[in-house]
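Note sheet for the following structure.
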2 protein chains.
Amino acid sequence: MRLKKNPDSAISLRAAGMKATPQRCAILHVLDSSDRPLSVEDIRQELGDESGVPTIYRNLQSFVDQGWAESLVGVDQVMRFVRCHSTGHHHHLQCEGCGRTVEVQTCAVEASLAALGQPAGFRVTRHQLALYGLCPECQHQ
Amino acid sequence: MRLKKNPDSAISLRAAGMKATPQRCAILHVLDSSDRPLSVEDIRQELGDESGVPTIYRNLQSFVDQGWAESLVGVDQVMRFVRCHSTGHHHHLQCEGCGRTVEVQTCAVEASLAALGQPAGFRVTRHQLALYGLCPECQHQ
DNA sequence: TTTGTTGCAAAGGGTTTGCAGGAGA
DNA sequence: TCTCCTGCAAACCCTTTGCAACAAA
């Protein structure tokens with residue numbers, strides 16, 4: 001993938017007070033095009049070494065700060081990033097077959113939060129839910 | 001904390017085919033005594049440098065393999081370990097005030113699993129839920 | 001021109017591995 | 001005694017930082 005400016009990305013970036021550099025636009029585009037969480041290494045390979053690792057880290061952090069992406073830490077302790085298309089509270093549902101990820105708007109836990117903490121006297125304020133399963137395609141294999 | 005053998009630990013360890021070394025017993029005891037997730041560094045300090053870091057890592061891994069402990073990776077990408085007292089499916093509820101952790105046997109998500117994946121056609125097979133809140137003591141401060 | 005951004009290199013820090021010496025059973 | 005375990009040191013690897021050169025606006 002070549003470094004080029006996507007007009008849409010550039011507008012969003014500038015609206016957020018960031019300069020629309022080719023690297024930054026390209027990283028955002030890679031994230032946009034992928035439906036699975038990407039590591040920094042994934043992105044670097046996708047960009048064909050045309051962007052340095054520190055640059056990728058720094059830009060991804062900016063995107064997370066803007067609420068455009070979310071960072072996940074897996075069991076392998078490697079950071080991965082997913083583009084967030086909804087702004088509110090949501091969860092990610094990841095296919096264990098192909099790695100594809102979709103956002104789930106409905107929160108399965110919210111209704112039970114009070115009940116969950118009650119036995120221990122806890123007041124639950126926050127939660128993190130990761131869902132894993134098989135997407136339609138992978139179920140047929 | 002001194003390195004000493006706890007008779008109970010020793011029995012469990014030998015039953016699992018492991019030698020009951022002082023280090024191993026001590027690590028298990030530290031984990032047993034704590035009600036919050038501990039990093040390797042936490043354990044090393046608790047043991048007063050009487051056990052090497054690689055030894056702690058190796059033993060914790062054995063405990064996880066035995067189902068005696070669970071490893072968690074936080075946003076800081078540091079591994080933490082908690083003693084598991086129940087063998088089945090459960091979740092952890094952690095206090096954001098003092099760090100104390102309790103196990104929650106009831107699973108808030110199980111009932112909704114099918115419904116969660118339905119919109120995307122996913123079949124949900126596995127999930128991870130982390131709950132954060134305030135324990136009774138910390139609510140009063 | 002000004003300010004933010006990139007790239008390189010190096011540092012940082014948690015985790016893992018290899019191997020020789022040591023201790024449990 | 002035999003096997004497993006420990007400790008040390010070094011290797012690994014992902015991530016972050018410092019700084020000078022560069023480019024967007």
Side-chain angles (χ1 to χ4, degrees), chain A residues 2-30 37-45 47-66 69 71-81, chain B residues 1-7 9-30 37-45 47-66 69 71-81:
Chain A
R2 310 258 89 203
L3 295 183
K4 64 160 199 273
K5 285 194 198 175
N6 175 316
D8 294 346
S9 304
I11 292 169
S12 309
L13 288 167
R14 277 189 282 265
M18 306 164 86
K19 289 187 179 176
T21 67
Q23 293 87 340
R24 185 169 283 162
C25 291
I27 295 167
L28 189 54
H29 181 248
V30 169
L38 297 177
S39 67
V40 167
E41 181 58 20
D42 292 335
I43 295 172
R44 197 186 56 77
Q45 286 185 10
L47 294 176
D49 295 0
E50 297 183 37
S51 187
V53 166
T55 298
I56 299 175
Y57 275 106
R58 283 186 283 228
N59 280 310
L60 286 172
Q61 188 54 58
S62 313
F63 298 162
V64 170
D65 293 344
Q66 292 292 332
S71 72
L72 311 167
V73 180
V75 285
D76 60 359
Q77 286 168 271
V78 174
M79 274 184 179
R80 281 169 220 286
F81 297 82
Chain B
M1 172 175 298
R2 310 258 90 206
L3 296 183
K4 64 159 198 272
K5 286 194 199 174
N6 176 315
S9 304
I11 292 170
S12 309
L13 287 168
R14 276 190 281 266
M18 306 165 85
K19 289 187 177 174
T21 67
Q23 292 89 339
R24 186 170 281 163
C25 291
I27 295 168
L28 189 56
H29 181 247
V30 169
L38 297 177
S39 67
V40 166
E41 182 58 20
D42 293 334
I43 295 173
R44 196 187 58 76
Q45 287 186 8
L47 293 176
D49 295 0
E50 296 182 36
S51 188
V53 167
T55 297
I56 299 175
Y57 275 107
R58 283 186 282 229
N59 280 309
L60 287 172
Q61 189 53 59
S62 314
F63 298 162
V64 171
D65 292 344
Q66 292 292 331
S71 72
L72 312 166
V73 180
V75 286
D76 61 358
Q77 285 168 272
V78 174
M79 275 185 179
R80 283 169 219 285
F81 297 82

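Throughout, protein chains are lettered first and strands after them, A, B, ... in sequence-line order, and every chain is numbered starting at 1. Here the structure is a predicted model, which is why all the values come from computation and not from measurement.
Arg44(A) places its CZ atom 10 Å from the P atom of dC14(D), with the value rounded to the nearest Å. For Leu47(A) and dG7(C), the CG to P distance is 10 Å, given to the nearest whole Å. We find that OH of Tyr57(B) is positioned 16 Å from C1' of dT6(D), with the value rounded to whole Å. Computed from coordinates, the Met79(A) CE to dG13(C) C1' distance equals 13 Å when rounded to whole Å. Following rounding to the nearest Å, Ile56(A) (CD1) and dT16(D) (P) show an atom-to-atom distance of 13 Å. Computed from coordinates, the Leu72(B) CG to dG14(C) C1' distance equals 16 Å when rounded to whole Å. dG14(C) atom P lies 15 Å from atom CG of Leu38(B), rounded to whole Å. One atom, CD of Glu50(A), and another, P of dG7(C), lie 10 Å apart when rounded to the nearest Å.
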Discussion item. For Ile27(A) and Arg24(A): C-alpha separation, side-chain torsions, deciding distance, then whether side-chain contact (heavy atoms from CB on, under 4.5 Å) applies.
Written reply: CA-CA 5 Å; Ile27(A) 295 167; Arg24(A) 185 169 283 162; 5.8 Å; no
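Here dT6(D) is the nucleotide among dT6(D), dC14(D), dT6(C) with the atom lying nearest to any side-chain atom of Thr21(B). In this structure, the nucleotide among dG7(C), dT6(C), dT15(C) sitting nearest to the side chain of Val40(B) is dT15(C).
Shown here for Phe63(B) and Met18(B), the closest heavy-atom pair between the two residues is CE2-CE, 4.4 Å. Nearest heavy atoms, Ile56(B) versus Ser51(B): CG1-OG, 3.9 Å.
Two residues, Arg58(B) and Lys19(B), neighbour DNA chain D, and the one matched to the more 5' nucleotide by heavy-atom proximity is Lys19(B). In terms of position along DNA chain C, the nucleotide closest to Pro54(A) lies nearer the 5' end than the nucleotide closest to the other residue of the pair Gln77(B) and Pro54(A).
Between atom CE of residue Met79(B) and atom CD of residue Gln61(B) there is a gap of 7.0 Å, rounded to the nearest 0.5 Å.
Note on Gln23(A): every side-chain N or O is 4.0 Å or more away from OP1 and OP2 of dA23(D). Contact check, Thr55(B) against dG7(D): a side-chain N or O comes under 4.0 Å of OP1 or OP2. Dashed line: the shortest gap from a side-chain N or O of Ser39(A) to OP1 or OP2 of dC14(D) is not under 4.0 Å.
Between the side chains of Ser39(A) and Asp42(A), at least one donor N or O lies within less than 3.5 Å of an accepting N or O.
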